[in-house]
Amino acid sequence: MKEKLEQILKDAQCEIEKCDDVKTLDEVRVKFLGKQGELTSILRNMKEVPPEERKTVGMLANGVREKLEDAISKKSEKLEEETLLKAMEKEKIDITMPSKGVKRGALHPLTRFNNKFMDICVEMGFTVIQGPEIDTDYYNFEALNVPKNHPARDMQDSLYITDNILLRTQTSNMQVHAMEELKPPFKIVCPGRVYRNDDDSSHSPIFNQFEALVVDENVGLKDLMKMIDVILKKLFGENVKMRVRPAYFPFTEPSIEIDATCQMCQGKGCSLCKGTGFSEVFGAGVVNPKVLEMSGIDSKKYSGFAFGPGIDRSVMVTNKIPNIKYLFRNDMRFLKQMR
Ligand code: DAH
């Protein structure tokens, strides 16, 4: 029996030594120490051992069991450590590797200009509103004093959905919506997309405008000019010069066109400003009393002024973009240069 126990110890130690993963080690444990294990069955059958040998055999068997348990637990610790080291080796981060780089997005130049303009207007007390890009002929033209067959419609050939519904040609439609909905005094600004049947390097069928409208008591041309002067300085810098030309818009009387120092050549004269040093930025004017009345505002008590810059041209000029279409193509090569 003694030899048998020693043989078991030897065999088990040898098998434990050979194990190179936790699973086989556990199989060895079951083989010797499990319920049906070789050592367990000896311990279980102690009654078959002659009584005078029982004590020695018992002590010997328990000693073997302790040695095996000890060997298994040591081997198990070693294997776990090895597994961990292997995993660490495999998952090691090479901090000297060049990084993939984090791709950062940026705001589109139109959005940046839009935000800048909105910030300026909000600082001046304007409320930002938004309204329909698909609108009726009434809001886009009629209520702005541009009746059917008015020659001013020629300048804004639209994309019609039905005879009466069109893609708005100007954010000025929002003047009418605002006047119908708000009680004066109010100051609103509306950024938005507009649509016209136009297409060349500086005109796109889709482009962006703002509409700013102030309705209050006793406001007029001098308030409009002062406000535009402040806005241009905030937009293009303190040194910007402003030039005013008479213009015609059916919804304003008088109507003016505002030019500012050409941002492409900083006023020196270039092909864009045709050597004048100025480029056109705003259409503006004092709201025609007829337009106020049509939207239910008492023109004897209230007056108003409005301006409506197109923003795409300004973004083109300030960023030296040769074709307006680049602004709408979402070409990454172009957008990356605009960051
Ligand atoms: N809506 C005009 C256009 O698209 C621009 C404009 C001119 C807006 C005069 C105004 C204004 O508010 O008062 O050409």
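Source: prediction; values computed, not measured. Keep in mind that the numbers below use all heavy atoms, side chains included, and drop hydrogens, waters and symmetry copies. We count ligands from 1, going down the list as the structure has it; atoms in each ligand are counted the same way.
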With sequence neighbours excluded, residues passing ring-ring contact (aromatic ring centres under 6.0 Å, His included) with Phe251: Phe249

Quick test of your reading of the model: are Lys148 and Asp163 salt-bridged, counting only N-O distances below 4.0 Å? no

Using the test ring-ring contact (aromatic ring centres under 6.0 Å, His included), find all partners of Phe117 that sit at least two apart in sequence or belong to another chain. Phe210

With a 4.0 Å heavy-atom cut-off, what residues sit around ligand 1? Gln156, Gln170, Ser172, Gln175, Arg196, Gln209, Glu211, Phe249, Phe251, Thr252, Gly283, Ala284, Gly285, Ala306, Phe307, Gly308

Residues passing the ring-ring contact (aromatic ring centres under 6.0 Å, His included) test with Phe113, sequence neighbours excluded, are none

Going through the checks in order, is the salt bridge (charged side-chain N to carboxylate O under 4.0 Å, His left out) test met by Asp26 and Arg29? CA-CA 5 Å; Asp26 198 52; Arg29 186 188 58 77; 2.9 Å; yes

Hey, are the side chains of Pro132 and His177 touching, using non-hydrogen atoms and a 4.5 Å cut-off? yes

